[in-house]
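Have a look at the structure below, then the notes.
A, B, ... follow the sequence lines: proteins, then strands. Residue 1 opens every chain. Note: hydrogens, waters and symmetry copies are ignored here, and every other heavy atom, side chains too, is used.
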2 protein chains.
Amino acid sequence: MTFPGSRVIDMASKKHRKSRKDRIIEVAERLFAKRGFYGVSLRDITNEAGVDVALVKYHFGNKQGLFDALLQRRADILNRERSEALKRVLERNNPASVEEIINAFTHPILNEIVSEDESWRDYFGLLAQVNNNPEWGGKTMSRYFDPLVQKFIDALRDALPGSDEADIYWCYHFLSGALTLTFADTKRIDALSRGVCRSSDFESVHARMVPFIAEGFKKICRKTEEAKP
Amino acid sequence: MTFPGSRVIDMASKKHRKSRKDRIIEVAERLFAKRGFYGVSLRDITNEAGVDVALVKYHFGNKQGLFDALLQRRADILNRERSEALKRVLERNNPASVEEIINAFTHPILNEIVSEDESWRDYFGLLAQVNNNPEWGGKTMSRYFDPLVQKFIDALRDALPGSDEADIYWCYHFLSGALTLTFADTKRIDALSRGVCRSSDFESVHARMVPFIAEGFKKICRKTEEAKP
DNA sequence: GTCTATAGCTTGATAGAC
DNA sequence: GTCTATCAAGCTATAGAC
């Protein structure tokens, strides 16, 4: 070894200087979030990351492979956090309340989006576009999220005994639309409300969203019995 | 006049054979709905419409001009229908109920989307993508829809006396997210529910959406007083 | 892992004939 | 209004050197 201690230095520098693969995936996430899959070229990404285009092929196969990899990366994290949140809620109280279940689904997003790691905001901006894409959005969202969503549906069914199957699925659909738009941070609400609401005030909107959605679920799925508090 | 009666024939053929300008705008609407602004090239559009690329410049200036023209066209129709629906509701009952106001906002969409004119479905698929675009979605939606949305906000404020300003705007935001995803018809719900719900069953989902949203509004905006039936 | 170099094609835009 | 023809720039993908 010509440079004694170089291994330590390497490990230290590894923490500070990210791999080119990571740089590509991070820049891609930010750009795809802004303009969608078709609105970003590989050169947009690799130029901003300061690497060569050919590296995309080496690390991800092609543009689609890069897109899939970056969706998968945070979907895994989000699914794990949601799964743990649901588990905690059900351990404490089974069946849990509708509010608790909705909160287990949405609160992990709030945690991530208010964290120091600002790149989570990009991810949710991207998810909003994917969720609302009529061509491949449904399939893509299903692929990454539906296995766990099924467990949330099961919990909601237990929380709303005697409810109609279709009612629960449709209500989840309303939740999904409100949720993805909310965390997409499009700034529309800022202009519409002339500054009364700020699109990036995620705590405020989350505090309203959970009871809003929970109340809708109860209204639609509890037709047969009296609404309980 | 060399061809007596040619004017009558022209008028008849005008009804059947659409102008090239109209063909461009119709094809563009369908393709933009599928893949968004960046996912469609002018050649995709003009090839499918059977016209030359140069016509886009002549009729619309450029790609952006074409996109704006096609958004504006149906926004005008939708705004007029919503405005009339709101007027009817308020004439019958002022202040109106939250359900009636929400319905005046959403039912015109239902009418259009179940009509024979299938191209309305494309338009709402496109609107869902615009609404959820973090880069220019907020501005674009505001431009075409917010003036009338303000009137709906006013009506909701009257229907929910003593409510907080921010609450009403945030609830509108949840409505907007649920509404645009619902009529985007992404087919996700079909897979998730294993056929129990069909994404294109617009009457079913609309019948659930209006009370779902209305109940959320009442829950969030009526904190200070008792909820009335 | 990373780069150079390039093939082969598509893009938005437009000048100018008819 | 509509077309032909063309441009300069951009695109994804990949072969092959290091």
Exercise. Quick one: are the ring centres of A:Y172 and A:F105 less than 6.0 Å apart?
Worked result: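 Close enough - the centres of the two rings lie under 6.0 Å apart.
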In whole Å, I'd like the distance from the [atom1] atom of [X] to the [atom2] atom of [N].
X     : N      : atom1 : atom2 : answer
A:N62 : D:dC11 : CG    : P     : 16 Å
A:F60 : D:dT14 : CZ    : C1'   : 18 Å
B:K63 : C:dT10 : NZ    : P     : 15 Å
B:F67 : C:dA13 : CZ    : P     : 14 Å

For this session: For B:K21 and B:I24, run side-chain contact (heavy atoms from CB on, under 4.5 Å): C-alpha distance rounded to whole Å, both residues' side-chain angles, the deciding distance at 0.1 Å, then the answer.
Result: CA-CA 5 Å; B:K21 185 178 177 181; B:I24 291 172; 5.7 Å; no
Does a salt bridge link [X] with [Y], judged by any charged N lying under 4.0 Å from a carboxylate O?
X      : Y      : answer
A:D154 : A:K151 : no
B:R74  : B:E29  : yes
B:D22  : B:R20  : no
B:D68  : B:R143 : yes

Exercise. Looking at DNA chain D, which of residues 49-59 of chain A put a heavy atom within less than 4.0 Å of it?
Worked result: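 Here the set is A:A54, A:K57.
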Exercise. When you measure from every atom of DNA chain D, which of residues 20-45 of chain B have a heavy atom less than 4.0 Å away?
Worked result: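 Those residues whose heavy atoms fall under 4.0 Å from DNA chain D, taken from residues 20-45 of chain B in numerical order, are B:R20, B:R43.
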For this session: Scan side-chain atoms only and decide if B:Q72 and B:D76 contain a donor-acceptor pair under the 3.5 Å cut-off.
Result: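 Yes, side-chain donor-acceptor contact under 3.5 Å.
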Exercise. Say you draw a straight line from CZ of B:F212 to CG of A:D167; how long is it, rounded to the nearest 0.5 Å?
Worked result: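 Here the interatomic distance stands at 11.0 Å.
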